[in-house]
A.B. asks: 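Sending over a structure as structure tokens; questions will come in a sec.
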Number of protein chains: 2
Amino acid sequence: MKQRIEDVGEFLKENGIKPSYQRIKIYEYLVKYYNHPTVDMIYRELVPKIPTLSKTTVYNTLNLFIEKKITAIIVIDENETRYDAGTSVHGHFQCNECARIDDIDIDLSKIEIPIPEHYEVSEQHFYFKGKCSNCN
Amino acid sequence: MKQRIEDVGEFLKENGIKPSYQRIKIYEYLVKYYNHPTVDMIYRELVPKIPTLSKTTVYNTLNLFIEKKITAIIVIDENETRYDAGTSVHGHFQCNECARIDDIDIDLSKIEIPIPEHYEVSEQHFYFKGKCSNCN
DNA sequence: ATTGTATTTTGTAACCGTTACAAATATGGT
DNA sequence: ACCATATTTGTAACGGTTACAAAATACAAT
Ligand SMILES: [Mn+2]
Ligand SMILES: [Mn+2]
Ligand SMILES: [Zn+2]
Ligand SMILES: [Zn+2]
């Protein structure tokens, strides 16, 4: 799930994204915390350093990242979308108390789910809800 | 996942829900189609038979069903919540083309996902995306 | 049947996350 | 410096959901 990114600007270029200042800062946020943030979490963290930052830019940028497949959407919460720089298949656990989302390691070879014929699978998602270790 | 319900009114009563006309019709929709509908799908189907039906009632009723645990929320689509009268643990497959959601049988004994200590799991969700057999 | 009370339903407005859009700003080549 | 292009920004709109109060309904007691 987590992957080390040495030079974010270079990494964006390799994935066909012009590394503007905002894009770099947003991607840096994702790989610094790996906390599956909401748009608002990213915005609130960055706006002190980039006072002109617009929430629209955060949305636009994340959608671009998703299009270029360097970011994944996490749909667990009904109300707000979360984003993940980890794009490999892995699981998530959301705490009902503190709402944090943690990664769960998934060994796909240990999972046997027969998808019926003629279904073409492009994404697999596994998630759990409950109480996290901090809230227990 | 699917379960036979003989008498919907009786079933609601058993689960502590007063079986009003609207509630019965909404639950009947869920068990008739088992199609993981949106609120709007339910509303559009029922409003010809119940001309005074309000979308708020559909929301209220589904939230009541969820509270009483006879209906589950399915969060796959980013934009709209879907509802499922099947409350046992099972998987889902959403087609990227036609947006339909099908059930996927899950044999929990064939799935090995070690959740870290001190995590208390209350819900497990498995879903897939891709192209369904109809769209292939 | 009538009254009174609690429950359910309804319609409207508000809420909030997200997107559309056009203007402003920045970038890069000539 | 100038122009063309890409990016960012602010505002308004959009759509699903919820809050809320009024209207309708159900139900028990008289
Ligand atoms: Mn993750
Ligand atoms: Mn289902
Ligand atoms: Zn927690
Ligand atoms: Zn399909």
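Atoms considered below: every heavy atom in the structure, side chains included; atoms not considered: hydrogens, waters and symmetry mates. So that the names make sense, note that chain A is the first sequence line, chain B the second, and so on, each numbered from 1.
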A.B. asks: Here's a test for you: under ring-ring contact (aromatic ring centres under 6.0 Å, His included), which of B:Phe11, B:Tyr83, B:Tyr21 qualifies with B:Tyr27?
C.D. replies: B:Phe11
A.B. asks: What integer distance in Å separates B:Ile66:CD1 from D:dT18:P?
C.D. replies: 9 Å
A.B. asks: Does a nitrogen or oxygen in the side chain of B:Thr52 sit under 4.0 Å from OP1 or OP2 of C:dT10?
C.D. replies: yes
A.B. asks: Could you tell me the separation between the CG atom of B:Asn79 and the P atom of D:dT17, rounded to a whole number of Å?
C.D. replies: 9 Å
A.B. asks: Send over the distance from B:Glu80 CD to D:dC14 P, rounded to a whole Å.
C.D. replies: 18 Å
A.B. asks: Return the set of residues passing side chain to side chain donor-acceptor pair (under 3.5 Å) with A:Asn35 (not counting sequence neighbours), or none when no residue passes.
C.D. replies: A:Tyr29
A.B. asks: Are A:Val58 and A:Leu62 packed together at the side-chain level, in the sense that at least one heavy-atom pair is separated by less than 4.5 angstrom?
C.D. replies: yes
A.B. asks: Calculate the interatomic distance between A:Leu62 atom CG and C:dT19 atom C1'; express it in whole Å.
C.D. replies: 14 Å
A.B. asks: Looking at the side chain of B:Thr61, which of D:dT8, C:dG17, C:dT9 is the nearest nucleotide?
C.D. replies: C:dT9
A.B. asks: Please state how far atom CD1 in A:Ile50 lies from atom P in C:dT25, giving the value in whole angstrom units.
C.D. replies: 17 Å
A.B. asks: Using whole Å, what does the distance between atom C1' of nucleotide D:dG16 and atom CZ of B:Arg82 come to?
C.D. replies: 13 Å
A.B. asks: So which nucleotide from D:dT9, C:dG17, D:dT17 ends up closest to the side chain of B:Val39?
C.D. replies: D:dT17
A.B. asks: Whole angstroms only, please: what is the CG-P distance between A:Leu53 and D:dG10?
C.D. replies: 9 Å
A.B. asks: Is the ring pair A:Tyr127/B:Tyr127 parallel, tilted or perpendicular, if the boundaries are 30 and 60 degrees?
C.D. replies: perpendicular
A.B. asks: If you find the nucleotide of DNA chain C closest to B:Asn60 and the one closest to A:Tyr83, which residue's nucleotide is nearer the 5' end?
C.D. replies: B:Asn60
A.B. asks: For DNA chain D, determine which residues of residues 7-32 of chain B have any heavy atom closer than 4.0 angstrom to one of its atoms, and list them numerically.
C.D. replies: none
A.B. asks: Can a donor-acceptor pair be found, under 3.5 Å and without considering hydrogens, that links the side chain of B:Thr57 to the backbone of B:Leu53?
C.D. replies: no
A.B. asks: Using a 4.0 Å heavy-atom cut-off, does B:Asp40 contact any base of the nucleic acid, only the sugar-phosphate backbone, or nothing at all?
C.D. replies: nothing
A.B. asks: Any Lys/Arg nitrogen of A:Arg100 or A:Asp102 sitting under 4.0 Å from an Asp/Glu carboxylate oxygen of the other?
C.D. replies: yes
A.B. asks: How many whole angstroms separate atom OH of A:Tyr43 from atom C1' of C:dC16?
C.D. replies: 16 Å
A.B. asks: Kindly say whether the aromatic ring centers of B:Tyr119 and A:Phe93 come within a distance under 6.0 Å.
C.D. replies: yes
A.B. asks: Tell me what B:Thr81 touches on the nucleic acid: a base, only sugar-phosphate, or nothing, going by heavy atoms under 4.0 Å.
C.D. replies: sugar-phosphate
A.B. asks: At under 4.0 Å, does any side-chain N or O of A:Tyr59 touch on OP1 or OP2 of C:dT19?
C.D. replies: no
A.B. asks: Within the pair A:Thr56 and D:dG10, is there a side-chain N or O less than 4.0 Å away from OP1 or OP2?
C.D. replies: no
A.B. asks: May I ask you to verify if any side-chain N or O of B:Asn63 is less than 4.0 angstrom from the OP1 or OP2 atom of D:dT18?
C.D. replies: yes
